[in-house]
Every structure is written in structure tokens, then in C-alpha cells.
Amino acid sequence: MHAENTPDAATPPALRVLVVDDEPDTAAAHAAYVNRIEGFTAAAVAGNGQQALALLAAAQQDGAPFDLVLLDMTLPDLHGIDVAKRMRGRGLTTDIIAITAVRDLAVVRSAVATGITQYLIKPFTFAVFAEKLENHRRFIASMRSTGPDASQAALDTAFSALRTASASTTLPKGLIPETLAQISEHLNASPGTAFSATELAEQLGMSRVTARRYLEHLAESRAAVKQPRHGTRGRPEYEYRAASPTAGR
């Protein structure tokens with residue numbers, strides 16, 4: 001983990017993030033994602049709900065509370081929503097981003113009711129993850145700049161920061177979210193394995209040109225690592241692998 005930024009007049013301190021997930025590999029991947037985003041630091045990792053509550057309470061008591069919780073909804077001892085409810089019941093107002101593979105609308109509604117500000121559906125790319133954290137950073141900055149008496153316009157501006165633009169406006173022209181998700185899931189399902197555009201195209205039943213366009217986009221957004229494949233003759237061939245393992249559950 002990198003060191004937290006040294007606070008000064010120009011640079012605010014890094015936002016301290018608590019990562020909560022019972023799968024060590026996934027928790028480590030999410031912590032690594034956090035530390036790749038400037039202005040954030042993964043300050044601690046909890047493997048279950050009770051440990052998360054204890055860490056939150058201790059940090060609050062020590063005067064160094066967490067700024068954000070990345071909360072997995074499926075934990076061995078408590079459901080993520082129960083963790084959120086207990087946090088609020090104990091006066092812990094730390095913001096929460098829920099992380100889950102569950103797409104049940106009732107669960108989503110319950111999460112929103114507990115004050116969870118954003119939702120990440122597994123599996124996701126680093127670009128999507130980073131966008132959620134950047135949204136949160138803008139939200140915090142807007143709230144802090146409004147002063148004690150916020151106007152309607154100021155509140156509207158702050159909460160608009162949490163809204164992510166639709167995929168159709170954020171993806172390059174010609175790319176569609178469903179195909180991007182299919183290729184991302186294929187890479188994430190084989191962490192450490194590198195694929196050429198030709199290999200990926202054959203495995204997913206698409207053209208090499210299409211596969212390469214999506215792989216290039218993932219590489220540009222840092223969700224995939226691109227590198228030349230050694231030992232090939234003629235034109236250099238490139239291969240791509242997932243930047244970090246993020247498994248669904």
C-alpha cells in the first residue's frame with residue numbers, strides 16, 4: 001500500500017477507505033484498486049461484518065475515522081445491509097459503496113434505504129470502480145464547499161456528482177456495454193492469463209477486429225494490461241490480461 005498523502009495547503013489528505021470482503025484475494029484486489037486512485041488509500045481490510053464494525057468504532061474513537069466503506073453484501077456473519085444498519089444505529093455515518101454480485105431489486109432498495117450511496121455489481125472493470133470513487137470524491141468536495149447552510153442548488157450539485165453518466169455516453173463510439181462486460185468477465189475469469197485478440201475472438205465467437213477494439217479500450221482504461229508477445233514472427237502481436245482479479249460471487 002502506498003503512504004497517505006501529506007496534507008498541505010494545496011493537497012487534501014487521502015480519503016481513508018475500509019475494504020470489507022471475506023475472500024482474501026478479492027479484498028486484496030479491491031484494496032489494490034483503491035491505492036491506484038490518487039487521493040484514496042486502503043487504510044484497512046475487514047473479513048467480516050463484526051470486524052468491520054469494530055474497526056469503524058476504533059477509528060472513530062481514535063479521531064481518525066474512515067471516509068468510505070467498500071462493503072461486500074455477502075459476508076459470513078452479517079449481511080452487508082445489516083452491517084450498514086448497525087453502523088447507522090451506532091452513530092457511524094461513514095459513506096458506503098455496496099459491492100455485490102446480487103442483482104435483486106429488493107436488496108438494492110434496502111441498501112439505498114440504509115444510506116448506501118453507490119452500488120457496484122461484480123464483476124466490474126477498474127475503470128468502473130475508479131469512476132465510482134471519483135464520483136464520491138466530487139460528492140465530498142461539493143458537500144464540504146456548501147457551508148453550514150446549503151442551498152437547493154448546492155445540494156443538487158453535490159448529489160449529481162454521485163450519478164454516473166450512461167454507458168452509451170462514456171464508451172467510445174461503436175462499443176456497447178454488453179460486449180465490453182463479456183470480454184471483461186472473460187479476462188477476469190482467468191487472472192494472469194494473457195490473450196491475443198485472435199485467441200479471444202475465437203473463444204467468444206466474434207471477429208478479431210471487434211475483440212481488438214474492446215481490448216484496446218480496456219487497456220486504455222487500465223482495466224487490462226497490454227504487452228507485446230515475444231517469439232512471434234512478422235508484425236508484432238500484442239496480448240492482454242486482466243489488470244487485477246475481481247471475481248463475482
Side-chain angles (χ1 to χ4, degrees), residues 1-2 19 21 23-40 42 70 72 74 97-103 118-137 163-249:
M1 293 181 186
H2 63 246
V19 177
D21 198 297
E23 293 186 353
D25 289 344
T26 302
H30 293 169
Y33 272 9
V34 170
N35 288 329
R36 286 174 62 183
I37 304 171
E38 185 177 357
F40 289 88
L70 296 180
D72 184 48
T74 309
I97 295 179
I99 298 180
T100 184
V102 177
R103 291 168 168 78
Q118 298 189 85
Y119 224 87
L120 270 168
I121 302 292
K122 297 180 186 177
F124 46 79
T125 65
F126 173 72
V128 172
F129 182 93
E131 186 174 34
K132 293 294 184 184
L133 265 66
E134 292 293 351
N135 288 349
H136 184 75
R137 189 214 307 276
R163 293 195 291 270
T164 300
S166 65
S168 61
T169 61
T170 58
L171 286 180
K173 185 177 180 180
L175 302 190
I176 59 175
E178 292 78 10
T179 303
L180 181 64
Q182 180 186 19
I183 292 176
S184 297
E185 290 176 17
H186 194 76
L187 292 180
N188 287 329
S190 303
T193 301
F195 301 90
S196 68
T198 300
E199 291 166 344
L200 193 74
E202 291 175 351
Q203 292 176 24
L204 297 181
M206 61 181 64
S207 73
R208 177 187 177 279
V209 173
T210 296
R212 184 177 180 279
R213 289 189 64 199
Y214 283 93
L215 288 168
E216 285 292 317
H217 173 70
L218 289 171
E220 290 172 3
S221 62
R222 297 190 296 175
V225 175
K226 174 185 176 182
Q227 61 189 30
R229 176 169 285 182
H230 301 291
T232 57
R233 295 183 177 181
R235 295 177 58 187
E237 186 176 20
Y238 290 92
E239 59 184 18
Y240 308 78
R241 60 177 172 80
S244 181
T246 305
R249 193 161 9 159

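Numbers here simply count residues along the sequence, with the first being 1. This is a predicted model, so every value here is computed, not measured.
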Rounded distance (nearest 0.5 Å) linking atom OG1 of Thr74 with atom CG of Asp21:
9.0 Å
Does the side chain of Met206 come within less than 4.5 Å of Ile183's, by heavy atoms?
yes
Excluding sequence neighbours, so at least two apart, what forms side chain to side chain donor-acceptor pair (under 3.5 Å) with Gln227?
Glu239
Using the test salt bridge (Lys or Arg N to Asp or Glu O under 4.0 Å), find all partners of Glu220 that sit at least two apart in sequence or belong to another chain.
none
Arg213: partners by side-chain contact (heavy atoms from CB on, under 4.5 Å), with sequence neighbours left out
Leu175
Is the shortest heavy-atom distance from the side chain of Glu216 to the side chain of Arg212 under 4.5 Å?
yes
Kindly indicate whether the side chain of Val128, heavy atoms from C-beta on, has any atom under 4.5 Å from the side chain of Ile121.
no
Gap between atom CZ of Phe195 and atom CG of Leu215 - 0.5 Å precision:
10.0 Å
With sequence neighbours excluded, tell me which residues meet side chain to side chain donor-acceptor pair (under 3.5 Å) with Thr210.
Ser207
Less than 4.5 Å apart, any side-chain heavy atom of Arg137 and any of Ile37?
yes
Sequence neighbours excluded, the answer for side chain to side chain donor-acceptor pair (under 3.5 Å) partners of Thr179 is none
Glu199 meets the salt bridge (Lys or Arg N to Asp or Glu O under 4.0 Å) criterion, sequence neighbours left out, with Arg229
Examine distances only and state if a side-chain atom of Tyr214 and a backbone atom of Ile176 form a donor-acceptor pair shorter than 3.5 Å.
yes
Distance from Ile99 atom CD1 to His30 atom NE2, nearest 0.5 Å?
5.0 Å
With Gln203, which residues qualify under side chain to side chain donor-acceptor pair (under 3.5 Å), at least two apart?
His186
Distance check, rounded to the nearest 0.5 Å: Phe126 atom CZ versus Glu131 atom CD?
11.5 Å
If you compare all heavy atoms of Thr100 against all heavy atoms of Asp72, which two are closest, and at what distance to 0.1 Å?
CA-OD1, 4.4 Å
Specify the closest pair of heavy atoms between Leu70 and Phe129, including all atoms of both residues, with the distance to one decimal.
CD1-CZ, 3.5 Å
Would you give the length of the straight line joining atom OG of Ser190 to atom CZ of Arg241, rounded to the nearest 0.5 angstrom?
13.0 Å
Any chance you could measure Leu187, atom CG, to Tyr240, atom OH, to the nearest 0.5 Å?
10.5 Å
Sequence neighbours excluded - salt bridge (Lys or Arg N to Asp or Glu O under 4.0 Å) pairs with any residue from residues 188-197
none
